[in-house]
Asker: 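Following this message is one structure expressed as C-alpha cells.
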Amino acid sequence: MAESFDPARLSADKAARYAEVAEEIAAVLEGEPDRVARMATVSSMLASAFDHFYWAGFYVVDPAKGNELVVGPYQGTLGCLRIAFGRGVCGAAAESGETQIVQDVDAFAGHIACDSRSKSEIVVPVRDGAGKLIAVFDVDAITPGAFDRTDARGLERILTRTFAGLD
C-alpha cells in the first residue's frame, strides 16, 4: 500500500532501487485502471525514491490536437502547460518515440526552460497496450549529468509495466 512506501528502505544501488520501486509501484497500482491515478502514483513514488529527481511528471498527448503535450500529474515546481511535438526535450521524445537523456540542458538546442534551475533531464515516451503514444515522462535534476542508461532502463521498464496493459 502507498501508506507503507518507505524510500529510506530502498537499496542504495541505482539499478536495484529501480527494481524495488517497480515492485512497489506495481503492488500499489494492482487493479487500478484509471490512467490519471496511475500517473499521479508513479510521479509521487519515483520523486520520493530518488533524491536527484527535482521535477518528475507526465506530459500527456492532447487528444484534441494529437501533436501537442499538455501537463499531467507531476511532482515539483510549476511545469510548462503545453509543449508541441518536436519542441524541447519532451517534444523531441514525443516526436522521435525515443528516450532522451540530456546531460546539460543549456547545450540542448531548443531546450524549454520551464524552470531555470533544471540542469539535466531525461524524458521517456509512454505507450498504451496498442503501442500508441499517450504521454512522456519527464524528470529534471538541478545538477548536470544526473541521468544515465541505468535511469533510462529503470524508467522504461516501470512505464511499460504500468501503462502497456491499458488501452
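Predicted model only: the values in this text are computed from it and were never measured. As a basis for the values below, the full set of heavy atoms in this structure was taken, side chains included, without hydrogen atoms, waters or symmetry mates.
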Asker: Side-chain heavy atoms under 4.5 angstrom apart, residues restricted to Ile, Leu, Val, Met, Phe, Trp, Tyr: same cluster for V36 and L81?
Answerer: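 V36 and L81: separate clusters.
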
Asker: Mind checking the CD1-OH spacing from I142 to Y54? Nearest 0.5 Å is all I need.
Answerer: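 So the CD1 of I142 and the OH of Y54 are separated by 7.0 Å.
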
Asker: Just jot down the side-chain contact (heavy atoms from CB on, under 4.5 Å) partners of P7, sequence neighbours excluded, or say none.
Answerer: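 Testing P7 for side-chain contact (heavy atoms from CB on, under 4.5 Å), a comparison that skips the adjacent residues, returns F5, L10, S48.
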
Asker: Once side-chain hydrogen bond (donor to acceptor under 3.5 Å, both in side chains) is applied, what residue pairs with a partner in residues 72-85 remain, sequence neighbours excluded?
Answerer: D62-R82, E68-R82, T77-D115

Asker: Rounded to the nearest 0.5 Å, what separates atom CG in L159 from atom CD1 in I134?
Answerer: 9.0 Å

Asker: Whether E23 and R161 form a salt bridge (side-chain N of Lys/Arg under 4.0 Å from carboxylate O of Asp/Glu) is what I want to check.
Answerer: yes

Asker: For Y18, which residues count as a ring pair (Phe, Tyr, Trp, His ring centres under 6.0 Å) partner, sequence neighbours excluded?
Answerer: F50

Asker: Measure the spacing between CE of M45 and CD1 of I158 and express it to the nearest 0.5 Å.
Answerer: 9.0 Å

Asker: First locate atom CD of E20, then atom CD1 of I25, and finally report the distance between them rounded to the nearest 0.5 Å.
Answerer: 12.0 Å

Asker: When rounded to the nearest 0.5 angstrom, what is the spacing between CZ in R153 and CG in D148?
Answerer: 7.5 Å

Asker: Looking at residues at least two apart in the chain, or sitting in another chain, which of them share a side chain to side chain donor-acceptor pair (under 3.5 Å) with E156?
Answerer: T99

Asker: D34: which residues meet the salt bridge (charged side-chain N to carboxylate O under 4.0 Å, His left out) condition with it, sequence neighbours left out?
Answerer: none

Asker: Are side-chain heavy atoms of L133 and F85 found at a separation under 4.5 Å?
Answerer: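 Yes, close enough: below the 4.5 Å cut-off.
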
Asker: Which distance, rounded to the nearest 0.5 Å, do you find between the CZ of F147 and the CD of Q100?
Answerer: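 Going from CZ on F147 over to CD on Q100, the span is 13.5 Å.
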
Asker: Not counting sequence neighbours, which residues clear side-chain contact (heavy atoms from CB on, under 4.5 Å) with Q103? List them please.
Answerer: I101

Asker: Any salt bridge between D151 and K14, counting N to O under 4.0 Å?
Answerer: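 A salt bridge is present here (some side-chain N lies under 4.0 Å from a carboxylate O).
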
Asker: Determine whether more than 12 heavy atoms belonging to other residues, nucleotides or ligands lie under 6.0 Å from atom CZ of R87.
Answerer: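 No, the 6.0 Å shell around CZ holds no more than 12 heavy atoms from other groups.
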
